[in-house]
2 protein chains.
Amino acid sequence: MKHPDTKEKILNAALDFFSRHGYSGASIRQISRAVGIRESAIYNHYKSKEEIFLAILSSFKLKTISKEILSDDLLDEVINPDKFLKTFARRLIEHWNKPGERKFIRVLLMEQFTHISNKELSTTDYLSELREICRLIFSEMVKTKIIKPLDPGLLSEEFTAPLFLIRTEYLSSDDFVDINTVYERANKHVEFFWKAIRIK
Amino acid sequence: MKHPDTKEKILNAALDFFSRHGYSGASIRQISRAVGIRESAIYNHYKSKEEIFLAILSSFKLKTISKEILSDDLLDEVINPDKFLKTFARRLIEHWNKPGERKFIRVLLMEQFTHISNKELSTTDYLSELREICRLIFSEMVKTKIIKPLDPGLLSEEFTAPLFLIRTEYLSSDDFVDINTVYERANKHVEFFWKAIRIK
DNA sequence: GTCTATAGTTGGATAGAC
DNA sequence: GTCTATCCAACTATAGAC
């Protein structure tokens with residue numbers, strides 16, 4: 001398809017408005033105008049505002065970060081754990097900085113307490129795959145005695161938590177100017193973390 | 001005044017609804033019902049919904065965590081940094097777990113992107129005082145050579161970031177059942193952090 | 001200060017023509 | 001699939017009696 005069809009246009013516009021005004025703050029009227037159709041035409045694609053929201057949720061649920069971040073060439077670098085962790089963190093920041101992902105994280109933070117149609121929407125769920133990947137990585141590093149024999153689950157949280165907070169703190173500004181600030185803060189964190197876990 | 005506490009009742013009810021449904025999701029109607037008066041009576045105390053929101057913001061802006069968490073008896077314990085950090089973290093969790101604080105953090109996370117009446121509402125602002133306190137503490141620890149000569153600003157973030165993420169992750173559940181889980185996770189973090197910065 | 005009554009607006013959603 | 005037209009529920013806010 002040359003252009004995204006109307007159904008996907010609606011999804012994109014809805015995500016944009018939800019991410020800026022929240023679910024109840026965004027209206028079908030605004031969304032339809034952004035798409036370029038009338039409100040009533042929306043209902044040919046989704047039966048309700050709620051259904052649009054749920055469609056957004058499942059579209060992000062299907063995504064998996066593994067392949068994107070943990071490419072084969074990166075895995076080859078595990079022998080050089082310092083550099084590996086830095087590259088991994090950088091890719092994570094890049095991933096979280098993609099426009100769609102930024103918007104989704106904003107929606108996640110905004111709607112995690114509102115329980116729209118009894119749907120669970122939690123940062124725990126959002127981070128679970130990443131944490132699992134990190135657990136495996138650190139578990140492997142402990143086994144091969146590259147790092148101290150610490151609990152991989154704990155290491156996973158210590159590694160990811162500051163990165164995620166850094167990411168969410170820079171989520172307000174709409175421009176991408178300060179992405180380098182994010183990288184710098186992330187890098188300093190990784191350095192601190194690496195020195196804490198390495199075997200001298 | 002015949003009913004001197006109505007104004008504060010409104011503030012409390014509003015905070016409660018804002019924290020569960022967001023600013024636009026909460027209505028004056030619901031708030032007034034919770035207070036036990038009609039919608040129109042609200043406007044004898046606040047001229048608009050927005051004014052109620054701003055009143056909540058300034059009521060939390062006035063609060064200062066220093067005195068509450070950094071009591072004199074705790075400061076005396078700096079000689080025993082391991083225990084000091086654990087107590088400090090525990091008090092922080094306790095502070096963040098107070099019903100009003102929990103609600104405010106929820107509102108903060110929900111409304112940080114919506115820019116209600118152009119008001120800045122950011123986690124950076126919310127955490128700034130705490131971070132400043134931590135910087136001072138770690139700066140002192142570096143000076144007295146209790147810990148490694150690391151950047152106090154970095155240490156402040158490494159110490160607080162996982163604690164704050166832990167706090168926000170357990171903010172969804174309304175009950176207080178799993179507060180001990182929060183304490184456990186916080187404790188493990190402090191142990192990891194302490195081992196990373198201490199001079200052996 | 002609180003009430004009833006109501007203005008005025010915006011929201012989600014449907015019916016039926018094309 | 002999109003349009004016009006419309007419904008009606010819910011919202012913020014005001015006016016005026018008590």
Side-chain angles (χ1 to χ4, degrees), chain A residues 1-59 107 110-111 113-119 121, chain B residues 1-59 107 110-111 113-119 121:
Chain A
M1 264 178 274
K2 259 189 182 176
H3 306 288
D5 58 12
T6 307
K7 193 157 185 171
E8 208 180 318
K9 272 189 189 169
I10 294 169
L11 231 50
N12 288 331
L15 176 60
D16 189 59
F17 279 100
F18 289 160
S19 77
R20 287 189 288 120
H21 307 291
Y23 176 77
S24 17
S27 71
I28 295 286
R29 217 153 280 190
Q30 292 174 306
I31 294 166
S32 67
R33 197 175 302 163
V35 173
I37 54 173
R38 300 286 172 182
E39 299 136 74
S40 54
I42 295 263
Y43 295 94
N44 285 314
H45 304 278
Y46 298 97
K47 78 173 216 292
S48 66
K49 183 180 172 181
E50 200 175 284
E51 205 184 79
I52 298 174
F53 183 77
L54 295 177
I56 290 174
L57 287 204
S58 34
S59 82
V107 172
M110 284 193 273
E111 305 304 334
F113 308 121
T114 53
H115 300 114
I116 297 162
S117 75
N118 298 319
K119 209 79 183 176
L121 186 61
Chain B
M1 269 184 277
K2 238 184 177 185
H3 303 287
D5 50 357
T6 305
K7 192 157 187 170
E8 209 180 319
K9 272 188 190 169
I10 293 169
L11 231 51
N12 288 331
L15 176 60
D16 190 59
F17 279 99
F18 288 159
S19 77
R20 287 190 285 121
H21 307 291
Y23 177 77
S24 22
S27 71
I28 295 286
R29 211 157 284 187
Q30 292 173 306
I31 295 166
S32 67
R33 276 190 74 122
V35 174
I37 55 175
R38 299 286 172 181
E39 299 138 74
S40 53
I42 296 261
Y43 295 93
N44 285 315
H45 304 278
Y46 299 96
K47 79 174 214 292
S48 66
K49 183 181 172 181
E50 199 174 284
E51 205 184 80
I52 298 175
F53 183 76
L54 295 177
I56 290 174
L57 287 204
S58 34
S59 83
V107 172
M110 284 193 273
E111 305 303 333
F113 309 120
T114 53
H115 302 115
I116 297 162
S117 73
N118 298 320
K119 209 78 183 176
L121 186 61

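Numbered from 1 within each chain, the chains take letters A, B, ... in sequence-line order.
The shortest heavy-atom contact between A/Tyr43 and A/Glu39 is CD1-O, 3.4 Å.
With hydrogens and angles ignored, the 3.5 Å screen pairs a side-chain donor or acceptor of A/Gln30 with a backbone N or O of A/Ser27. Remark: side-chain polar atoms of B/Asn12 are not paired, donor with acceptor, to backbone N or O of B/Leu15 under 3.5 angstrom.
As rounded to whole Å, 15 Å separates atom P of D/dT6 from atom CZ of A/Arg38. One atom, CD1 of A/Ile37, and another, P of D/dC3, lie 7 Å apart when rounded to the nearest Å. Distance A/Ile42 CD1 to C/dG11 P: 13 Å, rounded to the nearest Å.
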Output one letter per nucleotide in nucleotides 9-16 of chain D: B when a protein non-hydrogen atom lies under 4.0 Å from the base, S when only the sugar-phosphate is that close, - when neither is.
-SBBBBB-
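The structure places NE2 of B/His45 at 11.5 Å from CG of B/Leu11, a figure rounded to the nearest 0.5 Å.
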Per-pair distances, 0.1 Å, donor-acceptor, side chain in residues 48-55 of chain A, under 3.5 Å, sequence neighbours excluded:
unit_1, atom_1, unit_2, atom_2, d
A/Ser48, OG, A/Glu51, N, 3.2
A/Lys49, NZ, A/Tyr23, O, 2.8
A/Lys49, NZ, A/Ala26, O, 2.7
A/Glu51, OE1, A/Lys47, N, 3.2

